[in-house]
Amino acid sequence: MSIGYACLSVGVPETGFKTCTQKNADRDRLRSLIAHNLTSLENLIDYNAENNIRLFRISSDIIPFGSSPVNQLAWQDLFGEDFTRIGEKIRTAGMRVSMHPGQYTVLNSPDEDISRRAVLDLEFHARFLDALHTGPENKIVLHIGGAYGNKQEAARRFAGMYAGLDSAVRQRLVIENDEKSFSIRDVLDISGETGAPVVFDNLHHAVNPGGTPGSDSGWIRACAGTWGTGDGRQKIHYSQQAPGKKTGAHSDSIRIDDFLTFYQSIHGEELDIMLEVKDKNLSAVKCINCTADARQINLLERDWGRYKYLILEQAPAVYREIRELLKNRAAYPAAAFYRLIEYALTAEADRGNSVNAAEHVWGYFKNTADEREKKQFFRCLEKLEAGETSSAPCKHMLLHLAQKYRQKYLLASLYFYI
DNA sequence: TGACGTCAAGATCCG
DNA sequence: CGGATCTTGACGTCA
């Protein structure tokens with residue numbers, strides 16, 4: 001069982017992706033964007049390895065215009081050594097990666113130009129995973145596409161296109177139910193035609209159930225048989241409805257109690273679970289820690305180190321409560337810990353709390369900062385206290401100091417990033 | 001023709 | 001100047 005997240009991180013330094021507009025996409029620009037993005041990918045892989053995250057989706061945007069004639073760069077060759085090095089790290093960490101072209105890659109489109117571009121896009125994704133020297137269990141996840149008023153016909157067109165794909169693509173391709181047209185029942189039928197493994201997406205299924213009713217775990221079992229020996233562990237996508245947002249919108253964070261209920265219901269299934277959630281790695285670590293075999297409190301202490309100043313700012317009472325909770329080093333109150341963090345993050349910002357948290361963080365620098373920095377910080381703090389600014393300028397300054405004075409522990413604090 | 005979804009670039013305004 | 005808040009771009013389908 002691995003639990004992972006998609007594409008981007010929250011609060012991991014130097015992991016951002018850059019792109020440009022089509023009209024600015026010249027060779028030099030693309031080369032430097034790709035160099036930057038591969039460095040970010042390597043930093044993400046390092047972070048994942050250090051944090052026990054063994055499932056990760058690589059963003060399609062890592063190569064800007066990766067399947068467009070705008071990008072003629074031989075990036076596999078130009079960055080061959082980087083790909084090899086990053087691929088080795090993935091393998092060494094026992095990590096499984098994937099890619100997922102978005103809703104605009106439509107293989108079954110009746111418009112031949114659109115389906116042709118979809119093929120090119122899939123080939124780009126396969127080329128990327130090949131460049132990392134990853135095996136075929138590192139999948140490309142794809143939706144079936146549009147229904148065009150005749151789902152049967154659209155499904156047949158998908159199967160026809162699938163059969164014509166290069167084996168480098170086909171061996172990696174897995175198909176997923178969507179929230180509009182193709183239900184899990186439809187996708188299982190298409191799998192019967194094509195042999196492609198099926199990814200069950202619980203939220204898409206809740207929005208677009210189709211077929212005969214069944215529990216999530218029932219459908220997951222139904223998908224299990226589509227995964228062959230070379231395909232690796234069966235994968236599912238898991239997400240939760242964002243409260244108050246439109247149907248199908250992903251939540252900001254995974255609510256741990258709902259996740260654990262789901263997790264109990266699929267107990268015994270050997271699955272890889274890809275979380276689709278705004279706070280990305282944060283929810284991944286949460287769910288990993290709450291289902292870990294090694295119930296060591298240092299897992300929680302480590303995550304607490306990243307949350308603590310954020311929680312101090314959001315809800316000082318919860319800060320104190322969590323400190324109490326973690327005092328018993330023989331216990332492993334993972335769910336209780338994350339439940340408190342979820343609760344604290346719902347609190348409204350309070351100026352006094354912001355000042356208090358900023359002063360705490362300032363404690364790292366009060367003996368090392370020079371006179372100019374001291375003056376600057378306290379001027380910033382006074383403005384915050386007077387309600388003349390948000391806490392952003394203070395935080396920005398403290399982050400700058402953390403970088404200058406190499407406070408590694410502080411640099412990883414979510415206080416700066418949420 | 002605009003909504004849909006996503007995230008970064010780019011533009012603009014404010015103090 | 002930094003920060004906050006738009007708008008645009010890039011994609012295809014569907015109402």
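Here the structure is a predicted model, which means the values were calculated and not measured. Naming: A, B, ... by sequence-line order, numbering from 1 per chain. Computation of the quantities below employed the complete heavy-atom set of this structure, encompassing side-chain atoms and omitting hydrogens, waters and symmetry-equivalent molecules.
The residue Q22(A) sits close only to the backbone: its heavy atoms come under 4.0 Å of sugar-phosphate atoms, none of a base. Nucleic acid contact for S390(A): sugar-phosphate only, since backbone atoms but no base atoms lie under 4.0 Å from a heavy atom of the residue. K18(A) comes within 4.0 angstrom of sugar-phosphate atoms only, judged by non-hydrogen atoms across all strands, and of no base. Contacts of N24(A) with the nucleic acid, taken as non-hydrogen atoms under 4.0 Å apart, involve only primed sugar atoms and P, OP1 or OP2. Counting any heavy atom pair closer than 4.0 Å across all strands shown, H400(A) reaches no nucleic acid atom. Counting any heavy atom pair closer than 4.0 Å across all strands shown, K151(A) reaches no nucleic acid atom. Nucleic acid contact for A249(A): none, since no nucleic acid atom lies under 4.0 Å from a heavy atom of the residue. Among the heavy atoms of the strands lying under 4.0 Å from G146(A) are primed sugar atoms or P, OP1, OP2 only; no base atom is included.
R156(A) has a carboxylate O that lies under 4.0 Å from a charged side-chain N of E153(A), or vice versa, which qualifies the two as a salt bridge. A salt bridge does not link D272(A) to K235(A): none of the charged nitrogens lies less than 4.0 Å from a carboxylate oxygen. The pair K395(A)-E313(A) meets the salt-bridge criterion, since a charged nitrogen lies less than 4.0 angstrom from a carboxylate oxygen. Between E42(A) and R85(A), at least one side-chain N (NZ, or NE/NH1/NH2) sits under 4.0 Å from a carboxylate O, which counts as a salt bridge. Remark: D189(A) engages R185(A) in a salt bridge, criterion side-chain N to carboxylate O under 4.0 Å.
Of the listed nucleotides (dT6(B), dA10(C), dC4(B)), dT6(B) has the atom at the smallest distance from the side chain of H250(A). Comparing dC4(B), dA10(C), dT13(C) by their nearest atom to the side chain of F65(A) picks out dA10(C). Closest to the Y104(A) side chain, of the nucleotides dG3(C), dA8(B), dC4(B), is dC4(B).
For the pair H143(A) NE2 and dG12(C) C1', the interatomic distance rounds to 13 Å; values are reported in whole Å. Distance CG (L33(A)) to P (dA10(C)): 14 Å, rounded to an integer number of Å. dG5(B) atom P lies 13 Å from atom CD of E276(A), rounded to whole Å. Taking atom CZ of residue R117(A) and atom C1' of nucleotide dA10(C), one finds them 11 Å apart after rounding to whole Å. Between I114(A) atom CD1 and dA10(C) atom P there is a gap of 17 Å when expressed in whole angstrom units. Nucleotide dC14(C) holds its P atom 6 Å from the OH atom of Y148(A), rounded to whole Å. Taking atom CG on N208(A) and atom C1' on dT13(C), their separation rounds to 15 Å, with Å as the unit. The interatomic distance linking I63(A) (CD1) with dA8(B) (P) rounds to 16 Å, in whole Å.
Counting only N and O atoms by type, the side chains of N24(A) and T21(A) include a donor and acceptor under 3.5 Å apart. T15(A) and S9(A) share a donor-acceptor pair across their side chains, judged by distance under 3.5 Å alone.
Taking for each of K23(A) and G145(A) the nucleotide of DNA chain C with the nearest heavy atom, the 5'-most of the two is the partner of K23(A). Annotation: of the two residues near DNA chain B, Q103(A) and T19(A), the 5′-most nearest-nucleotide partner is Q103(A). Across the interface with DNA chain B, nearest-nucleotide mapping of G16(A) and G248(A) shows G248(A) to be the residue nearer the 5′ end.
Both the sub-6.0 Å distance and the 45° axial angle are not jointly satisfied by K308(A) relative to the ring of Y319(A).
Proximity of K246(A) to the phosphate of dC4(B): a side-chain N or O atom is located under 4.0 Å from OP1 or OP2. Using a 4.0 Å cut-off, some side-chain N or O of K280(A) falls inside it from OP1 or OP2 of dC7(B). Proximity of S109(A) to the phosphate of dT13(C): a side-chain N or O atom is located under 4.0 Å from OP1 or OP2. Distances shorter than 4.0 Å separate some side-chain N or O of H396(A) from OP1 or OP2 on dG3(C).
With ring centers used as reference points, H205(A) lies 6.0 Å or more from H237(A). For H100(A) and H125(A), the distance between ring centers is not under 6.0 angstrom.
Remark: nothing in residues 4-14 of chain A comes within less than 4.0 Å of DNA chain C through any heavy atom.
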Evaluation steps, side-chain contact (heavy atoms from CB on, under 4.5 Å), between N177(A) and N208(A): CA-CA 9 Å; N177(A) 59 312; N208(A) 178 26; over 6 Å; no
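One end of the helix from dT1(B)-dA15(C) to dG15(B)-dC1(C) points its axis 70° away from the other end's axis, with each axis taken from 5 pairs and the angle rounded to 10°.
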